[in-house]
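What follows is a short report on a single structure.
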Amino acid sequence: IIDLHSITRSYTTQLQHQDWQAGQIFFNFVWKTSDRSDWEDIQTHRKTLGVIGIMDCNASSTGGDLGAANIEFEGIVNDKFPTSVASKLFAFDPKEGQDDLERSEENKIVVIPPAPSRQHILWYLNEWMLDFTNNILQTLEGWIFNGETASQGPYISTRLDPCRSAEEISKLKKKKAGRLAKIKGDCCLLSSAPRDALIYFYSAADQCKSTSDWEWLASAYEGICAALLMIFVYQDAGATVAAKAVALQATGDNKKESAGESDPEREVRAEIYDKLKDAAYYYHKRKVLVLETECHLKIARFIIFLGEGGYFGQVALTGSSSKKTGNVHMTERFTLAAHSSSSNTQLPRDLCTYKTEINTLLMQVYSSTANQSLAMKASVAGAIAVIYECIGYYRKHAFFLRLAAAAYMEVGRPAISQHICLLSSPYYQLPTLLEAVKNVAPQAHQNRLAILEKDVSSNVGERRGSGSGSGSGSGSGEHEIED
């Protein structure tokens with residue numbers, strides 16, 4: 001996590017609402033070299049925006065030659081991470097008398113000198129991470145205002161777009177404006193500027209709808225939800241409604257969607273819920289199963305978020321329910337309010353309906369993967385298991401852990417399969433077995449379990465978290481599901 005106020009900017013920002021006092025950048029680090037995502041053009045957060053390398057000067061294949069190591073590292077980045085806009089190679093344990101290379105754009109190596117303590121090394125690395133973050137933010141802003149995007153051609157295409165005939169290419173050219181606005185919204189969101197992002201997302205939604213660009217329209221709706229939720233969580237409902245009004249006015253949409261609405265929190269909830277439902281519908285219309293599945297999982301997560309906030313009354317959920325935003329308790333920020341008769345939003349109104357809707361949604365999600373790859377089934381089953389645990393459905397939580405374990409075993413990952421089974425064993429009344437395994441190598445078991453839990457619960461796809469930056473990797477298209 002990088003605080004924006006700690007960065008020494010090397011440029012003057014043009015974003016009107018970027019919060020340099022309280023804003024943060026969240027990096028998603030991927031400890032592997034994965035294939036490029038099939039959807040990185042439609043969802044910018046899937047791109048690898050930065051690469052960090054680690055080098056031991058005494059064990060390097062270049063024999064400690066920093067110049068050769070720099071050339072080798074740059075070749076790896078260009079070959080495996082073509083979308084990267086910032087890269088650093090941290091060289092540890094330098095040889096005696098070894099000097100750092102001169103600082104320049106071509107030099108990616110940073111020699112980390114010996115330090116008396118771990119804290120000194122962390123401080124030194126943190127300073128370089130601030131510079132690394134500044135480079136990414138500067139590039140994102142260039143994409144927004146200077147047209148320096150990777151898609152500078154006459155059109156922007158994805159794997160869903162046929163580009164064979166002149167007519168097809170002509171249609172893609174007409175869709176470019178809406179798609180470009182969507183990409184700029186993504187860049188604003190990654191830069192911790194959700195208010196600026198809303199303007200681009202609403203503009204993209206209008207243009208994509210007019211050109212029947214359904215998958216990009218769905219992605220723009222998801223961007224709107226992410227931006228609204230960021231403002232709502234870190235500020236309040238009133239600020240969220242005001243930001244939405246400003247964005248609609250900036251895009252020329254002066255209609256008042258909620259005339260007479262006196263409850264800004266209800267308006268925000270309804271807007272996010274409606275847009276997520278619409279996004280899932282348009283993904284389904286374009287038969288984009290991966291993105292549709294992710295969207296359904298986000299709907300389930302959002303309903304849980306409402307439950308944790310007390311929208312359904314005093315809901316007893318797994319984990320702490322004492323989250324705070326500012327000085328206001330989360331359970332005080334949501335009130336159970338019946339929707340007006342003119343509202344099309346049908347949010348669940350009580351605890352029973354809330355859990356039933358999530359259960360129905362999750363079963364439909366898993367059924368939709370019947371003809372998909374085992375890797376995708378494993379990811380989806382793991383994501384579903386985590387959600388079931390959140391709502392207290394422990395038997396179904398254990399059942400889907402078993403499904404995930406079976407799928408991982410079939411794709412040749414027995415270690416992960418074994419540990420998922422260990423996670424599920426207490427729910428099958430097997431605590432003795434779990435304790436016996438723990439006692440064999442307690443520390444090693446805890447370390448592996450921690451890695452496994454992260455893999456199942458948060459690494460079933462790429463995070464996106466709203467307003468987050470990318471670290472060093474993106475997912476592999478159809479086989480990974482973002483939760």
Side-chain angles (χ1 to χ4, degrees), residues 1-11 20 23-34 47-140 190-192 443-444 447-448 450-451 454 458-459 462-463 465 468-474:
I1 301 175
I2 302 294
D3 295 316
L4 291 185
H5 66 79
S6 62
I7 298 175
T8 301
R9 283 178 285 172
S10 60
Y11 64 99
W20 283 92
Q24 293 179 315
I25 299 297
F26 296 82
F27 281 100
N28 174 37
F29 290 97
V30 180
W31 294 92
K32 61 180 180 180
T33 56
S34 55
K47 290 185 177 181
T48 302
L49 296 181
V51 178
I52 293 178
I54 306 296
M55 170 186 172
D56 183 345
C57 292
N58 291 308
S60 170
S61 60
T62 61
D65 185 339
L66 297 184
N70 184 65
I71 295 174
E72 182 179 344
F73 176 69
E74 191 170 5
I76 293 173
V77 172
N78 293 335
D79 179 44
K80 295 187 176 181
F81 308 101
T83 60
S84 171
V85 298
S87 57
K88 293 291 180 186
L89 176 59
F90 294 124
F92 290 88
D93 197 16
K95 297 180 179 180
E96 186 176 353
Q98 189 170 33
D99 296 326
D100 198 352
L101 297 179
E102 293 184 5
R103 188 170 182 177
S104 65
E105 291 186 4
E106 293 76 20
N107 175 30
K108 308 297 182 182
I109 291 186
V110 178
V111 175
I112 307 298
S117 67
R118 183 172 181 268
Q119 286 69 26
H120 284 80
I121 293 179
L122 291 177
W123 176 86
Y124 196 76
L125 290 174
N126 183 68
E127 292 301 308
W128 279 105
M129 283 302 300
L130 296 179
D131 181 71
F132 181 80
T133 306
N134 177 74
N135 292 340
I136 292 179
L137 291 176
Q138 186 173 4
T139 300
L140 290 174
L190 291 172
S191 302
S192 191
Q443 188 58 49
N447 293 341
R448 291 182 179 180
I451 295 173
K454 181 180 179 181
S458 64
N459 196 32
E462 306 112 32
R463 164 66 186 138
S468 61
S470 291
S472 59
S474 57

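All values below were derived from every heavy atom in this structure, side-chain atoms included, with hydrogens, water molecules and symmetry-related copies excluded. None of these values were measured; they are calculated from a predicted model.
Between Phe92 and Ile121 the shortest side-chain heavy-atom distance falls below 4.5 Å. Within the 4.5 Å cutoff, the side chain of Leu89 has no heavy atoms near those of the Ile54 side chain. Contact of the Tyr124 side chain with the Val110 side chain is registered, since non-hydrogen atoms from C-beta on lie closer than 4.5 Å. Looking only at side-chain heavy atoms (C-beta outward), Thr83 and Leu49 stay at 4.5 Å or farther from each other. Side-chain contact check for Leu125 versus Phe132: every heavy-atom pair is 4.5 Å or farther apart. In this structure the side chain of Phe26 never reaches within 4.5 angstrom of the side chain of Ile2, judged on heavy atoms.
Under the side-chain hydrogen bond (donor to acceptor under 3.5 Å, both in side chains) criterion, Asn134 pairs with Ser10, sequence neighbours left out. Scored by the side-chain hydrogen bond (donor to acceptor under 3.5 Å, both in side chains) test, His5 finds no partners at all (sequence neighbours excluded).
Atom CD1 of Ile76 and atom CZ of Phe81 lie 8.5 Å apart (nearest 0.5 Å). One finds the OG atom of Ser87 at 8.5 Å from the CG atom of Asn70 (value rounded to the nearest 0.5 Å). Separating the CE atom in Met129 from the CD1 atom in Ile52 is a distance of 4.0 Å, to the nearest 0.5 Å. Rounded to the nearest 0.5 Å, atoms CG (Leu190) and CG (Leu137) are 9.5 Å apart. Once rounded to the nearest 0.5 Å, the distance linking CG of Asp131 with CG of Asn126 reads 11.5 Å. A distance of 10.0 Å separates CD1 in Ile25 from CG in Asp3, rounded to the nearest 0.5 Å.
The heavy-atom pair separating Ser191 from Leu140 by the smallest distance is OG-CD1, 3.5 Å. Taking both residues in full, the closest heavy atoms of Leu66 and Ile109 are given as O-CD1, 3.1 Å, listed atom of the first, atom of the second, then distance. Nearest approach of Phe73 to Lys88, heavy atoms of both residues: CZ-O, 3.5 Å. In this structure, Ser84 and Gly50 approach most closely via the heavy-atom pair OG-CA, 3.8 Å.
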